[in-house]
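Note: hydrogens, waters and symmetry copies are ignored here, and every other heavy atom, side chains too, is used.
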Amino acid sequence: VTTKGLQEAILEFLEDFGPKELVEKLIAGIRSEELKDIKPKALGDMVKNPYPFYLDPIPNMYFQRDPFASIGSGISLNVMANETRNRETIFAKYIFNYHPDFKDIPRWYNRDKTHPLEGGDILVLSDKVVAVGLSHRTVPQAVERLAFNLFDSDECFETVLAFDIPKVRAYMHLDTVFTMVDYDQFTIFPGIETPLDVYSIKRGKNKNLEIKYEQGKLSSILSKYLGLPSVNLIRCGGGDYIAANREQWNDGSNTLAISPGKVVCYNRNHVTNELLRKNNIEVLEFDSYELSRGRGGPRCMSMPLIRDRL
């Protein structure tokens, strides 16, 4: 808890920063030594504190997929499951409140809500279907609110598919175990297929939601709602237990599709990347090094605002 005197000192310290430098400083944090000339005004300012920061850094800021998500012509400005990460959504709040290009776009969810919803759990599968993970970080109440707001708008979405995945940190978001690489092809971590439950959410009567448990294999459910004769599930690690677990740990299923059939991946996931190529997916690899230690892949580190509808 900061005292009034410390708050005033921090504001005074930040007054001379330009917009870009201000954002960088807020992300990097403010060390206590940077305000060493502060004049204590309260007991809390006078008591010695070994903690090195007055304002903590935001180390997860490079995972831009989570604080907000672009869906159709609007966004969901999310509530993060971890209170520490909710500071990340403040930046998006100000962008979408005040930037002339974005300030009037609809919000399907807002950061003032109670229930957590994170962007890594949101996948737009088509102009009619959105998939949302019920995960370690996203709860059913938030998915219902998101679906209600989408259906209560002029958007053309007809179905939200809720994927109930295991609530463990290894599968923290839907996109760590399932991503779209082409109109009819998906990567998937095979370890979630058996316990996976899928629910469809549609517009009901009198603005109610119609929610149904979907029977059958995931491939059949996806084919049905995407209007395709079939879909291909490309299993991380080629379905081999050891390779799948090793490469899923390094985000082998977290692909970033930059166009249908063209994806960006970490280069360390040799088995999965080769399997993607065998399924006619163009794979653009890059060195992961320290990035993979953050437990997030190429999709986690990106958040496209505008995409061409191909």
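Partner of Arg299 under the salt bridge (Lys or Arg N to Asp or Glu O under 4.0 Å) criterion, chosen from Asp175, Asp66, Asp121: Asp175.
In this model, a donor atom of one side chain and an acceptor atom of the other lie less than 3.5 Å apart for Asn232 and Gln185. Checking Tyr213 against Asp197 by side-chain atom types alone, a donor-acceptor pair falls below 3.5 Å. If you check the side chains of Arg268 and Ser288, you find a donor sitting under 3.5 Å from an acceptor. If you check the side chains of Asn273 and Asn267, you find no donor sitting under 3.5 Å from an acceptor. Defined by atom type and a distance below 3.5 Å, a donor-acceptor pair is present between the side-chain atoms of Glu155 and Ser73.
Salt bridge present: Arg277 and Glu285 bring a charged side-chain N and a carboxylate O closer than 4.0 Å. Salt bridge Arg85/Glu88: present, at least one basic N to carboxylate O contact under 4.0 Å. Here Glu21 does not pair with Lys25 in a salt bridge; the nearest charged N to carboxylate O distance is not below 4.0 Å.
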Using distance only, find each side-chain donor-acceptor pair of residues 218-226 under 3.5 Å and give its atom names and separation, not counting sequence neighbours.
| residue | atom | partner | partner atom | Å |
| --- | --- | --- | --- | --- |
| Ser223 | OG | Ser219 | O | 2.8 |
| Ser223 | OG | Val231 | N | 3.4 |
| Lys224 | NZ | Glu214 | OE1 | 3.3 |
| Tyr225 | OH | Ser200 | OG | 3.3 |
| Tyr225 | OH | Glu214 | OE2 | 2.6 |

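Annotation: cation-pi pair Arg65/Phe63 absent, no NZ/CZ under 6.0 Å from the ring centroid and within 45° of its normal.
By the rule that hydrophobic residues join a cluster once side-chain heavy atoms approach within less than 4.5 Å of another member, Val124 and Leu146 end up as members of one cluster.
For Phe178 and Phe189, the distance between ring centers is not under 6.0 angstrom.
With rounding to the nearest 0.5 Å, the separation of OH in Tyr266 from CD in Glu247 is 13.5 Å. Rounded to the nearest 0.5 angstrom, Asn78 CG and Arg107 CZ are separated by 11.5 Å.
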